[in-house]
Each structure stands twice: as structure tokens, then as C-alpha cells.
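Right, one structure below, let's go through it.
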Amino acid sequence: MRFTLKHQAVNSEARAGMLETDHGVIETPIFMPVGTAGSVKGIHVKELKEDIGAQIILGNTYHLYLRPGTAIIEEAGGLHKFNGWDGPILTDSGGYQVFSLGDIRKLTEEGARFQSHIDGSYHLFTPESVIGIQRKIGADIIMAFDECTPGDADYDYAKKSLALTQRWLERCCNEMAKTSPLYGHSQSLFPIVQGGVYADLRAAAAKHAVAVSSDGYAIGGLSVGEPEEMMYAMIEVVNPILPPDKPRYLMGVGTPVNILEAIDRGVDMFDCVMPTRNGRNGMLFTKKGIINIRNRKWADDFSPVDPDGTSFVDKQYSRAFLRHLVISNEMLGAQIASQHNLAFYLWLVKEARRQILADSFKNWKEEMVISLAERL
RNA sequence: GGGGAGAUACCAAAGUGGCCAACUGGGGCAGACUGUAAAUCUGCUGGCUCAUGCCUUCGUAGGUUCGAAUCCUGCUCUCCCCA
């Protein structure tokens with residue numbers, strides 16, 4: 001895996017780059033659609049590739065391990081073969097589930113004990129086992145096993161949590177070194193910088209992560225309940241410490257505004273469930289602001305879903321029809337909304353890249369941030 | 001023609017003397033959602049009011065009672081059974 005910095009903006013930390021993987025090239029900044037269980041919910045591979053323009057998608061270790069199970073994916077020849085997506089794949093390690101599963105998991109030095117949300121059965125994830133599962137899934141980018149520190153964690157908790165994440169990172173690295181890819185393409189491990197909302201912890205975490213030579217670095221534990229300004233502040237602490245010649249991945253973020261603000265601060269990669277989940281729940285993201293398509297005011301609006309949109313669904317369907325589908329709980333409504341939102345997110349980062357390359361990012365961003373936050 | 005059951009808010013449906021402006025569903029109207037336990041969850045849904053509160057509501061017209069959606073009588077309508 002190789003990252004090439006194509007252009008560094010002058011009055012911003014924003015960068016345009018190129019990440020080459022064995023499954024294809026990723027132009028950064030990039031948004032990565034989330035396909036937790038191996039599929040981006042409601043979206044065919046053909047739409048992802050041809051209509052939305054996705055360049056890399058996510059899978060999730062926790063979910064795929066529980067169902068269909070690692071053995072089936074290995075038997076299929078890896079996730080690329082299993083789900084038919086032949087572009088790059090990144091798998092999250094299950095660290096976020098350790099955070100979001102709440103009561104049904106317990107952390108120890110060894111790893112995370114948790115109960116399956118499907119059948120209640122007991123399981124143990126360790127840094128070693130999580131690397132092993134991700135080897136079998138065959139992701140191009142493998143995430144370290146971490147604890148996603150909650151946004152409201154106090155200093156002591158964040159410090160202890162960070163120390164655990166750091167010890168786990170070392171174990172992940174050792175396991176990576178002891179094992180090999182199974183399917184003939186290379187796999188890169190990204191460390192995750194934690195540290196809560198505390199600048200000194202974040203800085204220490206970034207330095208510790210950088211000490212591990214890696215093809216890219218992730219910032220985790222943000223947009224998990226802390227104020228947005230705090231998130232931006234933490235990015236500003238971490239990014240100057242991370243090597244400029246490696247991609248930086250802000251995990252789980254976020255809104256279109258969050259993404260532009262983070263790009264402005266030097267982040268290259270993003271993922272978030274918002275475009276798909278919020279889409280299923282009737283929220284559309286557009287250049288001009290946010291639409292709740294369930295609102296009555298769209299009932300007789302026969303204009304296109306998004307006249308500025310790049311997806312074919314944007315002009316194929318009217319707002320009134322999409323509202324009808326979503327209100328009626330027709331599955332096509334969720335599909336159209338998801339497809340629109342993903343296409344919008346991919347357009348957003350592509351346009352950001354274009355603006356960076358044209359040295360006009362900052363002004364464009366300032367204007368976009370205002371209009372994106374509107375409510376239509 | 002005879003016998004029986006019933007009429008509650010947008011719909012369905014509880015409630016059968018005071019704890020009822022009225023359970024619960026649905027529908028409607030809004031909101032939330034950030035490395036997906038999510039095609040999920042939350043709130044509101046008679047009127048006025050920021051709220052306490054006040055006013056008008058349980059087919060309809062009367063009556064009993066300190067007090068009625070709830071008890072009594074007339075009327076109207078609906079459904080079921082028998083002829």
C-alpha cells in the first residue's frame with residue numbers, strides 16, 4: 001500500500017492524495033460507505049461503483065465473525081469474493097462494538113468479553129484474535145483493536161483506556177508480524193489514536209501510534225458524545241503529529257459539515273453510517289441543506305429528489321414519490337434515500353479534492369459549511 | 001313483525017358513578033440518529049395557555065346524583081338472530 005500526497009493546500013491543512021492498494025487506487029479525501037455485515041445496506045455493488053462512485057467500503061469484524069462466521073468467509077475466499085466487491089475494503093476491528101454494546105461486554109487486559117447481540121452467546125475478542133479474523137476476512141486495511149473511549153470519559157478513565165489501547169496495539173502489531181495475508185493481496189494495519197477529549201493524552205497517543213511504522217493512522221473516539229468543537233480541537237492536536245506522508249482516517253465521522261471541517265484540518269479518510277442509516281430514516285443530505293423527506297411539505301412537491309444531485313435517483317424520482325415510499329415503509333424508499341445520500345457524500349469529498357487541487361478549497365468550504373447546515 | 005347487541009376522539013378499541021380530557025393500537029404531525037444490537041427510537045396528537053389552570057367533549061334530548069362516558073327514560077342510527 002502506498003500513499004502519495006498530490007497537493008497540499010496553502011491556507012488550510014487540507015490535502016489531496018492517492019492511496020494505492022492491491023484492489024485499486026483511492027483518491028483522497030475519501031468517504032468510505034459502511035457495509036457492516038458485508039453489504040452497504042440497500043445498495044448493490046453496481047450502484048456503489050457506477051452510480052455512487054465508492055472507491056472503498058467498510059466491513060465489520062464483530063458482525064461478520066458472528067454471522068455468517070469467519071469460516072464461511074474464509075471458505076468463500078475472503079470478503080471480496082463473498083460479497084462481490086472487488087475494490088478495496090477496510091474492516092473495523094470490533095473496538096466500536098466494545099463501546100456501543102454497553103452492558104453486554106466486559107473489558108480485561110486480555111481483551112473484550114461480550115455477548116452476541118444475536119443469540120446471547122459468550123465470546124472473547126483479543127488483539128490477536130481480531131487480527132486473525134481480519135486476515136481471514138481479507139480486508140486491505142485492518143484496524144487495530146482498541147477501546148473507543150466515550151466522549152464523556154473523565155481524564156483518569158481516558159488515560160487508562162488509552163494505555164490499554166496502546167498495549168493492545170503492540171499486540172496487534174506482533175500478531176500482524178507473525179501472520180500473513182491469505183489471499184495474495186497485502187493488508188495494512190492502521191493504529192487508532194485515542195485519548196478522549198484531553199489534548200495531552202491525544203498528543204501522547206499520536207506519538208505512540210507514529211512509533212509504529214504503518215501505512216496509515218486513524219483517529220478514533222471522536223463524535224461519541226463530546227461537543228463538536230472539542231472534536232475539531234482534538235484533530236488539530238493529533239494531525240500535526242501524524243506523518244504528512246501517510247493517510248489519516250477519522251473514524252465514524254460524520255455529518256457533511258464535520259467532514260469538510262476535518263478535511264480542512266488535514267484528514268484524508270472518513271466513514272459514517274449517517275448517509276445510509278439517516279437515509280433509511282428519511283433524512284436527505286444536499287448541497288443546500290438537510291431534508292426530512294417525511295415532512296408534510298414534500299407531499300405534493302413533484303420536483304426531483306435533488307436537482308443538483310449526481311445519482312440517477314436524484315432526477316428519476318420526485319420528492320413527493322420518495323416521501324410516499326418512505327412514509328409507506330416501502331423498501332425502495334430506503335434504497336433511494338441511501339443511494340442519494342451516499343452519492344452526495346462521495347460528490348462532497350470529490351468536489352473537496354477538486355477544490356484543493358485548484359487552491360480554492362478554503363473559500364468553497366466556508367460557503368458550503370453554511371449551506372449544508374440549512375434545513376429545507 | 002319478534003328478539004338480542006351496540007353507538008367513546010381521525011380510525012379501531014378499553015373504560016361501565018369521583019383516581020377521565022379519557023388505557024392501548026393504528027393513522028397523522030414533528031424530532032433524534034456520527035468506526036450500524038437501528039428499514040430503529042422518542043415526543044405530541046379536543047380548545048386556550050409558557051405553565052399551574054380554565055373551557056367544551058364519550059349518538060341525541062331529558063332525568064337521578066354533591067358528582068355521569070359510566071345509572072334511568074324518550075328519540076335516532078347500526079349490527080346480529082328468528083319469522
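Proteins get letters first, then strands, A, B, ... in listed order; numbering begins at 1 in each.
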If the [atom1] atom of [N] is compared with that of [M], how far apart are they to the nearest Å?
{"N": "B:rG28", "M": "B:rA37", "atom1": "C1'", "answer": "30 Å"}
{"N": "B:rU60", "M": "B:rA69", "atom1": "C1'", "answer": "14 Å"}
{"N": "B:rU8", "M": "B:rC23", "atom1": "P", "answer": "16 Å"}
{"N": "B:rG62", "M": "B:rG3", "atom1": "P", "answer": "29 Å"}
{"N": "B:rU52", "M": "B:rU45", "atom1": "P", "answer": "12 Å"}
{"N": "B:rA30", "M": "B:rA13", "atom1": "P", "answer": "28 Å"}
{"N": "B:rA39", "M": "B:rA32", "atom1": "C1'", "answer": "16 Å"}
{"N": "B:rC33", "M": "B:rG43", "atom1": "C1'", "answer": "15 Å"}

Anti versus syn assignment for B:rA13, with syn defined as within 90° of 0
anti
Check whether any side-chain N or O of [X] sits under 4.0 Å from OP1 or OP2 of [N], and answer yes or no.
{"X": "A:Gln97", "N": "B:rA37", "value": "yes"}
{"X": "A:Asn295", "N": "B:rC29", "value": "no"}
{"X": "A:Arg375", "N": "B:rA30", "value": "no"}

Name the pairing partner of [N], where a pair is Watson-Crick or G-U wobble with both distances under 3.5 Å, or state none.
{"N": "B:rU65", "answer": "none"}
{"N": "B:rA5", "answer": "B:rU78"}
{"N": "B:rA37", "answer": "none"}
{"N": "B:rA13", "answer": "none"}

Near A:Arg167 CZ, under 6.0 Å, is it more than 12 heavy atoms from other residues, nucleotides or ligands?
yes
Evaluate whether atom CD of A:Glu75 has more than 12 neighbouring non-hydrogen atoms of other residues, nucleotides or ligands under 6.0 angstrom away.
no
[X] side-chain proximity, nearest of [options]:
{"X": "A:Arg296", "options": "B:rU34, B:rU40, B:rG28", "result": "B:rG28"}
{"X": "A:Tyr96", "options": "B:rA38, B:rC33, B:rU36", "result": "B:rU36"}
{"X": "A:Asn329", "options": "B:rA39, B:rA38, B:rU34", "result": "B:rA39"}
{"X": "A:Met274", "options": "B:rU34, B:rG31, B:rG35", "result": "B:rU34"}
{"X": "A:Ile327", "options": "B:rG35, B:rU40, B:rG28", "result": "B:rG28"}
{"X": "A:Met251", "options": "B:rU40, B:rG35, B:rG31", "result": "B:rG35"}
{"X": "A:Leu58", "options": "B:rG35, B:rG31, B:rU34", "result": "B:rG35"}
{"X": "A:Thr36", "options": "B:rA30, B:rU34, B:rU36", "result": "B:rU36"}

Apart from A:Tyr183 itself, what residues make up its hydrophobic cluster, given side-chain heavy atom links below 4.5 Å?
A:Leu182
Length of the line joining [X]:[atom1] and [N]:[atom2], which is rounded to integer Å:
{"X": "A:Met32", "N": "B:rG35", "atom1": "CE", "atom2": "P", "answer": "11 Å"}
{"X": "A:Phe270", "N": "B:rU36", "atom1": "CZ", "atom2": "P", "answer": "16 Å"}
{"X": "A:Leu342", "N": "B:rA39", "atom1": "CG", "atom2": "P", "answer": "15 Å"}
{"X": "A:Asn281", "N": "B:rC29", "atom1": "CG", "atom2": "C1'", "answer": "17 Å"}
{"X": "A:Glu229", "N": "B:rU34", "atom1": "CD", "atom2": "P", "answer": "19 Å"}
{"X": "A:Ile56", "N": "B:rG35", "atom1": "CD1", "atom2": "P", "answer": "16 Å"}
{"X": "A:Ile30", "N": "B:rG35", "atom1": "CD1", "atom2": "P", "answer": "17 Å"}
{"X": "A:Arg280", "N": "B:rC33", "atom1": "CZ", "atom2": "P", "answer": "15 Å"}

Please work out if [X] contacts a base, only the sugar-phosphate, or nothing of the nucleic acid, heavy-atom cut-off 4.0 Å.
{"X": "A:Asn60", "value": "sugar-phosphate"}
{"X": "A:Glu228", "value": "base"}
{"X": "A:Ser116", "value": "nothing"}
{"X": "A:Asp271", "value": "sugar-phosphate"}
{"X": "A:Glu226", "value": "nothing"}
{"X": "A:Gly221", "value": "base"}

Report whether A:Trp347 and A:Val305 are members of the same hydrophobic cluster (ILVMFWY, side-chain heavy atoms less than 4.5 Å apart, transitive linking).
no
Distance-only donor-acceptor test, [X] side-chain atoms vs [N] base atoms, 3.5 Å:
{"X": "A:Ser100", "N": "B:rU36", "result": "no"}
{"X": "A:Arg294", "N": "B:rG31", "result": "yes"}
{"X": "A:Asn292", "N": "B:rG31", "result": "no"}

Given 3.5 Å as the limit, does a donor-acceptor pair link the side chain of A:Asn258 with the main chain of A:Thr255, or not?
yes
Under 3.5 Å donor-acceptor, A:Arg323 side chain and A:Asn295 backbone
yes
Pick from A:Arg353, A:Arg15, A:Lys6: which one makes a salt bridge (Lys or Arg N to Asp or Glu O under 4.0 Å) with A:Asp268?
A:Arg15
With ring centroids as reference points, do A:Phe31 and A:Tyr345 lie under 6.0 angstrom apart?
yes
In terms of the nearest nucleotide of RNA chain B, which residue is placed more toward the 5' end: A:Arg323 or A:Ala334?
A:Arg323
Considering heavy-atom distances to RNA chain B, does A:Val34 or A:Glu330 have its closest nucleotide positioned more toward the 5' end?
A:Val34
Ignoring hydrogens and angles, state whether a donor on the side chain of A:Thr91 or A:Gln134 is under 3.5 Å from an acceptor on the partner side chain.
yes
